[in-house]
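The structure appears below as structure tokens.
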Amino acid sequence: MTAHALKGDRERCLAAGMDDYIAKPVQEQELLATVECWNMAAAELEHQSGAAAPAAPVLEWQEALNRVRGRSQLLAKMMSLFLEQSTGLLEDAAEAIRRRDGEALRLSAHTLKGSANSIGAFEFGQIAQRIESSGLEAAYDDAGADLALLRAAMLRLEPEIQTFLAENSV
């Protein structure tokens, strides 16, 4: 948490190794969503270590590769672009929820959904679809809860994308 909230600070802090970032003045919705995100990530780790039934893949890159006719370099570029833009779009969605701006929320979620589905991140895309619908319906509490889920999904998705990128360097 920081009161020093200049443009680009969030990205610099995360790049330096912070797990997350909240700027003051703290907004209740953002704080709760962030805490929920980390609670879900912890629950997911516990679930994974419990040797339960295998979960759906976070990144179905083979399906995405089929959609781009096997062009792994193109898919790698799409994944890189997704990583570059997703943080800002997640922040845009959080801000739209705070402002109760359904149209801005819908647009951010729509872009996240399309980008995620194009790279094979279908679970992420499904959550973004729900947020998009919440924007249309002005269901901001639902959107806040789903945004926490989307952030948790991003925590699982990013390492998968990094692995693909390492194996298929751009």
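Residue numbers count from 1 along this sequence. Since the structure is predicted, the reported quantities are computational estimates derived from the model, not experimental observations.
Phe124 pairs with exactly one of Ile119, Leu150, Asn117 by the side chain to side chain contact (heavy atoms under 4.5 Å, CB included) rule, that one being Leu150.
Residue Leu90 holds its CG atom at 8.0 Å from CD1 of Ile131, rounded to the nearest 0.5 Å. Atoms OG and CZ, on Ser134 and Arg106 in that order, are 13.0 Å from each other to the nearest 0.5 Å. To the nearest 0.5 angstrom, Arg67 atom CZ is 9.0 Å from Glu60 atom CD. Once rounded to the nearest 0.5 Å, the distance linking CD of Glu132 with CD of Gln129 reads 5.0 Å. Note: Phe82 CZ to Leu89 CG = 8.5 Å, rounded to the nearest 0.5 Å. Summarising the geometry, atom OG belonging to Ser72 is positioned 10.5 Å from atom NZ belonging to Lys77; distances are rounded to the nearest 0.5 Å.
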Run Leu165 and Leu83 through side-chain contact (heavy atoms from CB on, under 4.5 Å) and show every step you take. CA-CA 11 Å; Leu165 292 175; Leu83 286 178; 4.0 Å; yes
- Message: Run Gln85 and Leu112 through side-chain contact (heavy atoms from CB on, under 4.5 Å) and show every step you take.
- Response: CA-CA 9 Å; Gln85 295 180 342; Leu112 283 165; over 6 Å; no
Exercise for review: Start with the C-alpha gap between Ser86 and Met154, add the side-chain angles, then the distance that decides, and say whether side-chain contact (heavy atoms from CB on, under 4.5 Å) holds.
Suggested key: CA-CA 9 Å; Ser86 59; Met154 187 66 187; 3.1 Å; yes
Between Leu149 and Arg130, does the side-chain contact (heavy atoms from CB on, under 4.5 Å) criterion hold? Intermediate values first, please.
CA-CA 11 Å; Leu149 293 174; Arg130 290 197 310 260; 3.5 Å; yes
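Linking ILVMFWY residues whenever their side-chain heavy atoms come closer than 4.5 Å, directly or via other members, places Leu65 and Leu74 in the same cluster. A single hydrophobic cluster is not seen to contain both Phe122 and Ile161; linkage of ILVMFWY side chains at heavy-atom distances under 4.5 Å, directly or through other members, places them apart.
When all heavy atoms are compared, the tightest approach of Gly120 to Ala64 is N-CB, 3.6 Å. Of all the heavy atoms in Ala153 and Ile127, the pair that sits closest is CB-CD1, 4.1 Å. Scanning both residues, Leu59 and Ala121, for their nearest heavy atoms gives CD1-N, 4.0 Å.
No salt bridge links Glu160 with Arg156; every basic N to acidic carboxylate O contact stays at or beyond 4.0 Å. Remark: Arg151 engages Glu91 in a salt bridge, criterion side-chain N to carboxylate O under 4.0 Å.
Within the 4.5 Å cutoff, the side chain of Asn168 has no heavy atoms near those of the Leu75 side chain. The side-chain heavy atoms of Val68 and Met78, taken from C-beta on, include a pair separated by under 4.5 Å.
Checking side-chain atoms of Tyr140 against main-chain N and O of Arg100 turns up a donor-acceptor pair under 3.5 Å. At least one donor-acceptor pair under 3.5 Å links the side chain of Ser118 to the backbone N or O of Ser115.
Aromatic ring orientation, Trp61 versus Phe164: tilted (interplanar angle from 30° to 60°).
Not counting sequence neighbours, Arg71 has no partner by the salt bridge (charged side-chain N to carboxylate O under 4.0 Å, His left out) test. Legend: residues meeting salt bridge (charged side-chain N to carboxylate O under 4.0 Å, His left out) with Glu137, ordered by chain and number and at least two apart, are absent. For the side-chain hydrogen bond (donor to acceptor under 3.5 Å, both in side chains) test, residues two or more places apart in sequence or in another chain that qualify with Asp101 are Arg99.
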